[in-house]
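Worksheet: one structure, shown below.
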Amino acid sequence: EAGVTQFPSHSVIEKGQTVTLRCDPISGHDNLYWYRRVMGKEIKFLLHFVKESKQDESGMPNNRFLAERTGGTYSTLKVQPAELEDSGVYFCASSQGIGTGDTQYFGPGTRLTVL
Amino acid sequence: GNSVTQMEGPVTLSEEAFLTINCTYTATGYPSLFWYVQYPGEGLQLLLKATKADDKGSNKGFEATYRKETTSFHLEKGSVQVSDSAVYFCALSDRRGATNKLIFGTGTLLAVQP
């Protein structure tokens, strides 16, 4: 069974540009999460999809960030326009359910550098 | 709100040394607790978990016990190997309604020397 995949693995862009990150969850997982780790600090929750619906987007930092999950399969996270403080590692995770027995499986992350 | 406090790193040990990485939490209710590990160049992997008080999670020689009285979930291993070098993250589940996000500590870098 394929794990969570993310693309690209690295992205270097200039301030003001746009970047789109992609996440493919484990097949059959309805729940998809985005997290990010900035500057070696803690990993912070951004948002949670259940199928194609945003269940919780309380962690999204501002309106420069837009997440979508068309058809309830893969998800994209767009940053437009990017700022220096957006640099960090963006992780995607997926799970079958949200109960205590459900594990969130993480992808390898996308390292974003904004110059 | 809910939070996780994890010991600062880096932690440098010699092979076969005993490892403890401290983790304490603040939470309402009874969250599940996790240790995730990130090996160099890889993504986060679940190392172990515990879903209720006094549960012990264990995997690959690592153990952690859910201590409600001290709000702790310290990670231990009796004899570390070079291959255990990685960043370790303590986390709790924050389940509210129909969402269940993870709240992480800052991570602890472990370097094991031969």
Side-chain angles (χ1 to χ4, degrees), chain A residues 2-10 21 23-26 29-51 53-60 67 88-111, chain B residues 1-10 21 23-27 29-53 55 57 59 66 86-110:
Chain A
V4 177
T5 57
Q6 294 186 244
F7 182 84
S9 56
H10 294 84
L21 314 181
C23 168
D24 287 77
I26 292 172
H29 281 192
D30 286 341
N31 295 274
L32 187 151
Y33 307 81
W34 284 97
Y35 294 84
R36 75 172 177 178
R37 189 183 190 208
V38 174
M39 288 292 290
K41 295 186 178 177
E42 69 269 28
I43 300 169
K44 285 194 171 180
F45 168 82
L46 296 179
L47 86 160
H48 170 206
F49 282 100
V50 178
K51 298 185 179 177
S53 299
K54 292 176 185 173
Q55 190 64 45
D56 180 358
E57 50 184 332
S58 61
M60 294 288 264
V89 181
Y90 290 76
F91 292 102
C92 176
S94 72
S95 69
Q96 204 155 37
I98 63 166
T100 54
D102 288 294
T103 296
Q104 291 187 27
Y105 295 91
F106 281 76
T110 293
R111 181 173 295 276
Chain B
N2 295 350
S3 66
V4 173
T5 301
Q6 193 174 336
M7 71 184 282
E8 298 270 338
I21 301 178
C23 172
T24 57
Y25 67 89
T26 301
Y30 303 96
S32 294
L33 301 174
F34 307 84
W35 277 100
Y36 279 83
V37 59
Q38 185 178 23
Y39 297 104
E42 299 184 16
L44 287 168
Q45 300 175 24
L46 178 66
L47 181 59
L48 52 84
K49 70 178 183 181
T51 59
K52 61 183 188 296
D55 266 3
N59 186 24
Y66 189 162
V87 182
Y88 292 81
F89 294 91
C90 184
L92 64 80
S93 61
D94 187 357
R95 184 171 179 183
R96 299 169 194 244
T99 193
N100 189 17
K101 61 187 178 189
L102 293 175
I103 295 176
F104 286 88
T106 53
T108 302
L109 173 63
L110 171 65

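Letters A, B, ... are given to chains in the order of the sequence lines, protein chains preceding strands, and every chain is numbered from 1.
In K54(A), the NZ atom is crowded: over 12 heavy atoms of neighbouring residues, nucleotides or ligands sit closer than 6.0 Å. Heavy-atom contacts from other residues, nucleotides or ligands closer than 6.0 Å to CD of E42(B) number more than 12. Counting heavy atoms of neighbouring residues, nucleotides and ligands inside a 6.0 Å radius, atom OH of Y30(B) does not exceed 12 of them. Counting non-hydrogen atoms of other residues, nucleotides and ligands closer than 6.0 Å to OH of Y105(A) gives a total of 12 or fewer.
If you measure heavy-atom distances from Q104(A) to chain B, the contacts under 4.5 Å come from both the backbone and the side chain. Only the side chain of Q38(B) comes within contact range of chain A, with at least one heavy atom under 4.5 Å from a heavy atom of that chain. Only the side chain of K49(B) comes within contact range of chain A, judged by heavy atoms closer than 4.5 Å. Interface residue S32(B): only side-chain heavy atoms are found under 4.5 Å from chain A. When heavy atoms are compared at a cutoff of 4.5 Å, S58(A) approaches chain B solely by way of its side chain, counted from C-beta outward.
When all heavy atoms are compared, the tightest approach of H48(A) to T99(B) is ND1-OG1, 2.7 Å. The two residues F45(A) and L102(B) make their nearest non-hydrogen contact at CB-O, 4.3 Å.
Rounded to the nearest 0.5 Å, atoms CZ (F91(A)) and OH (Y36(B)) are 11.5 Å apart. Remark: K101(B) NZ to I98(A) CD1 distance equals 12.5 Å, nearest 0.5 Å. Here CD1 of I103(B) is found 10.0 Å from CD of E42(A). Values are rounded to the nearest 0.5 Å. Between atom CZ of residue R37(A) and atom OG1 of residue T106(B) there is a gap of 7.5 Å, rounded to the nearest 0.5 Å.
Side chains of I43(A) and L44(B) form a contact here, defined as non-hydrogen atoms less than 4.5 Å apart.
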